[in-house]
Amino acid sequence: MSKIKGSSGGANTLLVLSSIYNSLTRTEKKIADVIREDPEAVVYVTLTDLAEKAGTGETSVLRLCRKIGFKGYQEFKLSLAQDLVVPIRNVHSEIEETDDLRAMADKITVENTQAIENTLKLLDMGQMEKAIEAIGKANKIYFFGVGSSANTAMDGKYRFMRLGFNTEVINDPHIMAMTSALMRDDDVVFAVSTSGSTKDVVDAIRLAKTKRIFFICLTSHLRSPLTQYADVVLLSKSRETPLQGGAFSSKLSQIHVLDILTTATAIRFKEKAYDALERTSKAVVDKIY
C-alpha cells in the first residue's frame, strides 16, 4: 500500500488515520483505536508503552506510522502534538494567553512543585541504595548525556567531584563510544536520558555493558531501550511532548533526584566526602570577593 502524506505535509494526522482505517490490518486497527480514543495521552507515551497498551508489537506500531506517512514513531508524535495543541501550551499546558504575569508565575510554580513531588513518589529507595553503594566503590564515575540531558549530566559530575569522587562528563557521541570501549570493570556509568531512547547513549551503554561496569540510568520511562541495560533505574517525573524537549519541570525533577543521591552518598561516605568538600571549598575561596 502506498504511503499517505501525514500532518507534516499539511493534513491532520487523526483525519488521515481515520481515512485509511478500513484498509488497516486487524493489528493496526487495535493501535489506531488506542490513538483515536485518547490522542493527547499518546503524545506522552513511548513506542513500547503504546504497543503494550494496544496489545501489539513495537514493529506493528512502526509499520502503522510509516503507513500514515511518517519515517518513525517520534515524527508521528511530533505531528500529532502539532495538531492537538497551540504553541503557547507546548510549554505549560495550563497557561492561557490571557493570563497576567502573576497567574503565569503561579501556574508554573504549581507545575514545577508537582513535578518534584511526583518524582519522590516514583523513586525506589532500594534502587537508590544500590546506586549509593556502587558509586562509593567506583574507580571512576562517567556521566553521559546529550542535548538537554547533558546539562544534568554536568551537574552530576560537578556534585560528585566536590565530594571527592573521580568523575568525568561526556556529551559527544563519538567520545562516549570510545570511552565505553576503554572502561574498567570497576567503573560506574551514570546516564541521563528523559526518554530513555536516545540512540547515541543507548549504543554507548550497550558497548560499555560488554564489560562488568555498573550502569545507573536516570530517566522518565521505566520501559525504554536504555533501561534494558541498567543495574539501577532512577525515575524522575516528566510530561514532555516532542515539541517540549528539555522542559524545565523535567530538569528540576532530575536535579531533585541528583540532590537526594549526592546528599545520601555524602553522609554514607562522610569521611571521604567531608574532607573533599572542605578542600574544594578552600580551593575556590579566593575566587569570591
Side-chain angles (χ1 to χ4, degrees), residues 1-95 97 146-149 173 193-203 205-206 217 219-229 235 237-247 249-250:
M1 176 180 176
S2 60
K3 294 181 180 178
I4 299 173
K5 183 164 289 197
S7 284
S8 57
N12 181 283
T13 306
L14 292 175
L15 291 178
V16 171
L17 188 59
S18 296
S19 70
I20 66 169
Y21 183 83
N22 291 335
S23 66
L24 299 177
T25 66
R26 181 179 301 178
T27 298
E28 291 167 347
K29 285 180 179 178
K30 290 170 67 177
I31 302 166
D33 288 339
V34 172
I35 295 170
R36 295 166 73 189
E37 181 180 350
D38 194 355
E40 292 185 356
V42 171
V43 170
Y44 297 103
V45 303
T46 64
L47 171 64
T48 303
D49 292 334
L50 179 56
E52 189 175 80
K53 190 170 184 179
T56 66
E58 295 179 7
T59 303
S60 297
V61 177
L62 290 173
R63 189 181 300 115
L64 176 61
C65 291
R66 296 189 183 106
K67 188 171 286 189
I68 301 172
F70 301 103
K71 295 178 181 178
Y73 183 62
Q74 289 302 316
E75 188 179 51
F76 159 73
K77 287 209 303 180
L78 176 60
S79 180
L80 186 61
Q82 290 172 328
D83 291 339
L84 292 174
V85 295
V86 294
I88 189 68
R89 294 190 176 183
N90 292 335
V91 181
H92 298 287
S93 59
E94 298 298 321
I95 291 178
E97 293 182 4
V146 298
S148 178
S149 293
S193 174
T194 301
S195 69
S197 302
T198 306
K199 188 176 186 302
D200 291 327
V201 179
V202 174
D203 289 346
I205 293 300
R206 183 186 298 114
C217 178
T219 184
S220 295
H221 295 282
L222 182 59
R223 291 177 55 83
S224 60
L226 196 58
T227 59
Q228 295 177 23
Y229 302 98
L235 288 174
K237 182 63 177 176
S238 171
R239 190 170 169 81
E240 292 184 355
T241 74
L243 298 173
Q244 195 183 3
S249 60
S250 300

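Small disclaimer: the values here were computed from a predicted structure and weren't measured.
Every residue two or more places apart in sequence or in another chain that forms a side-chain hydrogen bond (donor to acceptor under 3.5 Å, both in side chains) with Thr46 is listed here: Asp49. For Glu52, the side-chain hydrogen bond (donor to acceptor under 3.5 Å, both in side chains) partners are Arg223, not counting sequence neighbours. Taking Ser60 as the reference, Thr27, Ile31, Thr56, Arg63 meet the side-chain contact (heavy atoms from CB on, under 4.5 Å) condition, with sequence neighbours excluded. Remark: Thr59 engages no residue in a side-chain hydrogen bond (donor to acceptor under 3.5 Å, both in side chains) (not counting sequence neighbours). The side-chain contact (heavy atoms from CB on, under 4.5 Å) test applied to Leu62 returns Leu47, Arg66, Tyr73, not counting sequence neighbours. Residues passing the side-chain hydrogen bond (donor to acceptor under 3.5 Å, both in side chains) test with Ser193, sequence neighbours excluded: Thr198. Judged as a salt bridge (Lys or Arg N to Asp or Glu O under 4.0 Å), and not counting sequence neighbours, Lys29 has no contacts. For Thr227, the side-chain contact (heavy atoms from CB on, under 4.5 Å) partners two or more places apart in sequence, or in a different chain, are Cys217, Thr219, Ser224, Val233. Legend: residues meeting salt bridge (Lys or Arg N to Asp or Glu O under 4.0 Å) with Asp203, ordered by chain and number and at least two apart, are Lys199, Arg206. With sequence neighbours excluded, the residues that form a side-chain contact (heavy atoms from CB on, under 4.5 Å) with Pro173 are Asp200.
Closest non-hydrogen pair, Leu235 versus Ser220, comes out as CD2-C, 4.1 Å. In terms of heavy atoms, Gly72 sits closest to Cys65 at O-CB, 4.0 Å. Of all non-hydrogen atoms in Gly55 and Lys30, the two that sit nearest each other are O-NZ, 3.5 Å.
Between Ser148 and Thr194, the closest side-chain pair of non-hydrogen atoms is not below 4.5 Å.
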Test side chain to side chain contact (heavy atoms under 4.5 Å, CB included) on Leu17 and Phe76; report intermediate values, then the result.
CA-CA 11 Å; Leu17 188 59; Phe76 159 73; 5.7 Å; no
Applying side chain to side chain contact (heavy atoms under 4.5 Å, CB included), run through Ile35 and Leu64 and close with a yes or a no.
CA-CA 11 Å; Ile35 295 170; Leu64 176 61; 4.2 Å; yes
Given Leu80 and Phe70, is the side chain to side chain contact (heavy atoms under 4.5 Å, CB included) satisfied, shown in steps?
CA-CA 11 Å; Leu80 186 61; Phe70 301 103; over 6 Å; no
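For the pair Glu28 (side chain) and Leu24 (backbone), a donor-acceptor distance under 3.5 Å is absent.
Arg36 contributes atom CZ, which lies 8.5 Å from atom CG of Leu14 (distance to the nearest 0.5 angstrom). If you take CG on Leu50 and NZ on Lys77, they are separated by 9.0 Å, rounding to the nearest 0.5 Å.
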